[in-house]
Amino acid sequence: QVQLVESGGGLVQAGGSLRLSCAASGRTFNAYPMGWFRQAPGKEREFVGGISGSGANTKSADSVKGRFTISRDNAKNTVYLQMTSLKPEDTAVYYCAAAGSTVSPFTSYVPILGHEYNYWGQGTQVTVSS
């Protein structure tokens with residue numbers, strides 16, 4: 001069983017920065033892509049960014065391109081989401097996700113759909129004040 005634990009959320013002023021971390025355990029970490037999603041009140045969950053197992057490939061949502069960076073440290077079994085130039089509309093619960101049986105291991109593929117991810121963290125709140 002894969003466990004994902006997010007940390008790093010909080011309250012920040014517009015224009016500020018935060019770094020989210022997601023620590024994974026329970027399987028070969030570098031075999032599968034990881035992703036970040038978010039869900040704001042009254043809205044559907046949306047893809048924020050994803051990264052391949054090796055870290056060589058990343059994808060980001062248009063709404064965060066140039067502001068958010070996803071990375072991973074396979075030696076630490078951890079994926080990060082560096083968020084800069086935060087806006088009030090970035091306020092949401094952020095979820096870390098890990099792909100598993102839905103994708104092949106050790107590829108450069110980066111899923112962007114929620115159903116392509118098998119495991120989810122509990123979420124961490126990010127609030128951006130104006």
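As a basis for the values below, the full set of heavy atoms in this structure was taken, side chains included, without hydrogen atoms, waters or symmetry mates.
- A search for salt bridge (Lys or Arg N to Asp or Glu O under 4.0 Å) contacts involving E46 returns R38, not counting sequence neighbours.
- In terms of heavy atoms, L4 sits closest to A24 at CD2-CB, 3.6 Å.
- Looking at heavy atoms from C-beta onward, V110 lies out of side-chain contact with T58 at the 4.5 angstrom threshold.
- Remark: of the listed residues T78, T124, L81, T78 is the sole one forming a side-chain contact (heavy atoms from CB on, under 4.5 Å) with S21.
- No chain of hydrophobic side-chain contacts below 4.5 Å, direct or via other Ile, Leu, Val, Met, Phe, Trp or Tyr residues, connects Y80 to I51.
- The distance from atom OG of S52 to atom OH of Y109, rounded to the nearest 0.5 Å, is 12.0 Å.
- V93 and L18 are members of different hydrophobic clusters when ILVMFWY side chains are connected at heavy-atom separations under 4.5 Å.
- The CG atom of N77 lies 9.0 Å from the CE atom of M34; values are rounded to the nearest 0.5 Å.
- Between D62 and K65, at least one side-chain nitrogen of the basic residue sits less than 4.0 Å from a carboxylate oxygen of the acidic one, meeting the salt-bridge criterion.
- A side-chain contact (heavy atoms from CB on, under 4.5 Å) with P33 holds for exactly one of V103, V79, I112; it is V103.
- Between the side chain of N118 and the backbone N or O of S101 there is at least one donor-acceptor pair closer than 3.5 Å.
- Cluster annotation: W36 is connected to Y119 through the hydrophobic network of ILVMFWY side chains, with a link wherever side-chain heavy atoms come within less than 4.5 Å.
- Looking at heavy atoms from C-beta onward, F29 lies out of side-chain contact with K76 at the 4.5 angstrom threshold.
- Under the 3.5 Å distance criterion, the side-chain polar atoms of N57 are matched with a main-chain donor or acceptor of S108.
- Judged purely by atom type and a 3.5 angstrom limit, R27 has no side-chain atom pairing as donor or acceptor with the backbone of Y32.
- Qualifying ring-ring contact (aromatic ring centres under 6.0 Å, His included) partners for Y117, counting only residues two or more places apart in sequence or in other chains: F37.
- With side-chain heavy atoms closer than 4.5 Å counting as contact, directly or through intermediates, V5 stands alone and belongs to no larger hydrophobic cluster.
- Annotation for S60 and V64: closest pair CB-CG2, 4.2 Å, computed over non-hydrogen atoms.
- In terms of modelled atom types and a separation under 3.5 Å, the side chain of N74 and the main chain of G53 share a donor-acceptor contact.
- A donor atom on one side chain and an acceptor atom on the other are not found under 3.5 Å apart for T84 and Q82.
- Inspection of the S25 and Q3 side chains reveals an N or O donor paired with an N or O acceptor under 3.5 Å.
- Expressed to the nearest 0.5 Å, how far CZ of F106 lies from OG of S54 amounts to 10.0 Å.
- Remark: side-chain polar atoms of E6 are paired, donor with acceptor, to backbone N or O of Q122 under 3.5 angstrom.
- Side-chain contact between V48 and M83: absent, with no pair of heavy atoms (C-beta onward) separated by less than 4.5 Å.
- Taken to the nearest 0.5 Å, the SG atom of C22 stands 13.0 Å off from the OH atom of Y95.
- Taken from OG1 in T127 to CG in L86, the straight-line distance is 10.5 Å, to the nearest 0.5 Å.
- A distance of 9.5 Å separates OG in S130 from CD in Q13, rounded to the nearest 0.5 Å.
- The closest side-chain heavy-atom distance from V128 to E89 is not below 4.5 Å.
- Neither L20 nor F47 shares a network with the other; the hydrophobic side chains, linked directly or stepwise wherever heavy atoms of I, L, V, M, F, W or Y lie under 4.5 Å apart, form separate groups for each.
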